[in-house]
Amino acid sequence: RFAFSRPVILGGVTDNSAFRALCTREKLLAAFGPFPVRLSTANTYSYRKVDVPFQEYVEHLLKPQDPARLGSDTLYFFGDNNFTEWGPLFQHYVPPPFRIPGTSPAYSFGIAGSGSGVPFHWHGPGFSEVIFGRKRWFLYPPDRTPHFHPNESTLAWLQHTYPTLPPAQRPLECTLRPGEVLYFPDRWWHATLNLDTSVFISTFLG
């Protein structure tokens, strides 16, 4: 019903309490503090990559988004996980029990500060689950390209562009809370905004 047509929020389909217990600040720092993580800039079409120790990211870069800061100057930990190092953690994650024939799942784990997020972009289908915090989503179908600046943060877009949109031009919206999963179909435009310091994991169906 939803696989190829529209996004849907799933609740209660998995129990990730064990995974959540391993994703507290203290547990993650103890397990991964000295390991490098690859950060990406939070813009749409070009991504600069920066490697820093995980502990440095948590203690110095994991902070609220400055609305005036451009996406190219905002570093974001999402994906680019080293599966040799992070694989033991992912073994405890229970993904949604749904698949699309001909695809295989790949995990992307992230942690980000309040007000951060990625501006509008699209890719293949997948699921996104919030482990801690709340994440607001804005979505458009493939045939409706949103109006946005690719180097503007989602927070700046929400403050400046969103209020000017007529009701018919506004996106689908939702806010995910811990334990909730959003499924998004192939090529749907989406932007995200972390309302709190958030821990999240996506399962991309490639």
Side-chain angles (χ1 to χ4, degrees), residues 23-29 32-82 86 108-123 126 128-140 145-166 169-178 180 182 184 188-202 204:
C23 291
T24 64
R25 176 187 174 100
E26 294 74 19
K27 289 284 183 64
L28 289 175
L29 283 174
F32 303 103
F35 292 122
V37 291
R38 177 154 292 178
L39 311 180
S40 301
T41 50
N43 50 352
T44 297
Y45 297 121
S46 62
Y47 300 102
R48 180 170 60 95
K49 306 288 187 179
V50 176
D51 292 344
V52 302
F54 179 66
Q55 184 166 349
E56 180 180 334
Y57 174 70
V58 171
E59 295 181 349
H60 301 290
L61 298 174
L62 188 60
K63 52 189 177 183
Q65 174 80 33
D66 178 352
R69 196 173 182 87
L70 295 175
S72 57
D73 297 325
T74 302
L75 293 174
Y76 194 76
F77 175 43
F78 175 55
D80 285 318
N81 307 115
N82 183 322
W86 292 86
S108 185
F109 180 75
I111 305 170
S114 62
S116 65
V118 287
F120 282 104
H121 64 288
W122 59 266
H123 43 67
S128 184
E129 179 169 355
V130 170
I131 306 302
F132 288 111
R134 296 168 300 155
K135 183 186 285 285
R136 189 173 175 185
W137 284 70
F138 308 91
L139 303 108
Y140 286 97
T145 302
H147 177 68
F148 71 102
H149 189 288
N151 202 25
E152 183 180 56
S153 70
T154 303
L155 184 60
W157 174 86
L158 183 64
Q159 293 176 342
H160 303 142
T161 302
Y162 181 89
T164 69
L165 297 176
Q169 294 181 21
R170 291 195 171 183
L172 290 176
E173 298 179 46
C174 64
T175 297
L176 292 186
R177 292 169 174 78
E180 295 180 327
L182 174 70
F184 49 87
W188 272 67
W189 289 92
H190 54 279
T192 62
L193 179 70
N194 296 294
L195 302 181
D196 314 292
T197 298
S198 299
V199 179
F200 43 90
I201 184 167
S202 292
F204 293 114

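The model shown is predicted, which means the values in this text are computed figures rather than measured ones.
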Do Leu172 and Tyr140 have side-chain heavy atoms sitting under 4.5 Å apart? no
Can you find a side-chain donor-acceptor pair between Asn194 and Ser116 that sits under 3.5 Å? yes
Under 4.5 Å between any side-chain heavy atoms of Phe200 and Leu176, yes or no? no
Search all heavy atoms of Gln65 against all heavy atoms of Ser153 and return the closest pair with its distance. NE2-CB, 3.9 Å
Atom CZ in Arg69, atom CG in Asn151: separation rounded to 0.5 Å? 11.5 Å
Please work out which of the three classes, parallel, tilted or perpendicular, describes the rings of Phe148 and Tyr45, given edges at 30° and 60°. tilted
Does Arg38 CZ have over 12 foreign heavy atoms under 6.0 Å away? no
Quick one: sort the Phe109 and Trp86 rings into parallel, tilted or perpendicular, breaks at 30° and 60°. tilted
For His123 and Phe204, take the angle between the two ring planes, folded into 0 to 90°, and tell me which bin it lands in: parallel under 30, tilted 30 to 60, perpendicular over 60. perpendicular
If you look at every heavy atom in Pro67 and Ala156, which pair is closest and at what distance? O-CB, 3.6 Å
Intermediate values then yes/no, side-chain contact (heavy atoms from CB on, under 4.5 Å), Arg25 and Glu59: CA-CA 10 Å; Arg25 176 187 174 100; Glu59 295 181 349; 4.0 Å; yes
Distance check, rounded to the nearest 0.5 Å: Asp66 atom CG versus Thr74 atom OG1? 8.0 Å
Do Pro34 and Phe54 make a side-chain contact, defined as non-hydrogen atoms from C-beta onward lying under 4.5 Å apart? no
Looking only at heavy atoms, the pair that brings Val118 and His121 closest together is CG2-CE1, 3.4 Å
With a 4.5 Å limit on heavy-atom distance, are the side chains of Trp122 and Phe184 in contact? no
Give the minimum heavy-atom separation between Arg136 and Leu158, together with the two atoms involved. NH1-CD2, 3.8 Å
Heavy-atom donor-acceptor pair, Ser198 side chain to Asp196 backbone, under 3.5 Å: yes
Counting N and O atoms only, with roles assigned by atom type, does the side chain of Thr197 sit under 3.5 Å from a partner on the main chain of Gly113, one being a donor and the other an acceptor? no
With side-chain contact (heavy atoms from CB on, under 4.5 Å) as the criterion, how do Leu28 and Glu26 come out once you've worked through the C-alpha distance, each side chain's angles and the decisive distance to 0.1 Å? CA-CA 6 Å; Leu28 289 175; Glu26 294 74 19; over 6 Å; no
Are any non-hydrogen side-chain atoms of Glu152 and His160 less than 4.5 angstrom apart? yes
Pair Ser40-Lys49, side-chain donor/acceptor within less than 3.5 Å: yes
Distance from Ser128 atom OG to Lys135 atom NZ, nearest 0.5 Å? 6.0 Å
Where is the tightest heavy-atom contact between Pro119 and Thr44, given as atom of each residue plus distance? CG-OG1, 3.3 Å
Do Leu75 and Arg48 have side-chain heavy atoms sitting under 4.5 Å apart? yes
Measure the shortest side-chain to side-chain distance between Ile111 and Phe78 over non-hydrogen atoms and say whether it is less than 4.5 angstrom. no
Determine, stepwise, if the pair Phe138 / Trp189 fulfils ring-ring contact (aromatic ring centres under 6.0 Å, His included). CA-CA 8 Å; Phe138 308 91; Trp189 289 92; over 10 Å; no
When every non-hydrogen atom of Leu62 is compared with those of Ala112, the smallest separation belongs to CD1-C, 3.4 Å
Report the distance from atom CG of Leu195 to atom CG of Leu155, rounding to the nearest 0.5 Å. 10.0 Å
Is it true that a side-chain atom of His60 and a backbone atom of Val58 form a donor plus acceptor pair closer than 3.5 Å? no
Under 4.5 Å between any side-chain heavy atoms of Leu39 and Leu61, yes or no? yes
In sequence, state the C-alpha distance, the side-chain angles, and the governing distance for Tyr162 and Arg170, and then conclude on side-chain contact (heavy atoms from CB on, under 4.5 Å). CA-CA 8 Å; Tyr162 181 89; Arg170 291 195 171 183; 3.7 Å; yes
State, without any angle test, whether Asn43 and Ser72 hold a side-chain donor-acceptor pair at a distance under 3.5 Å. no
Donor-acceptor pair, side chain of Thr154 and main chain of Thr192, under 3.5 angstrom: yes
Val37 vs Asp51, test: side-chain contact (heavy atoms from CB on, under 4.5 Å). Steps then yes/no. CA-CA 6 Å; Val37 291; Asp51 292 344; over 6 Å; no
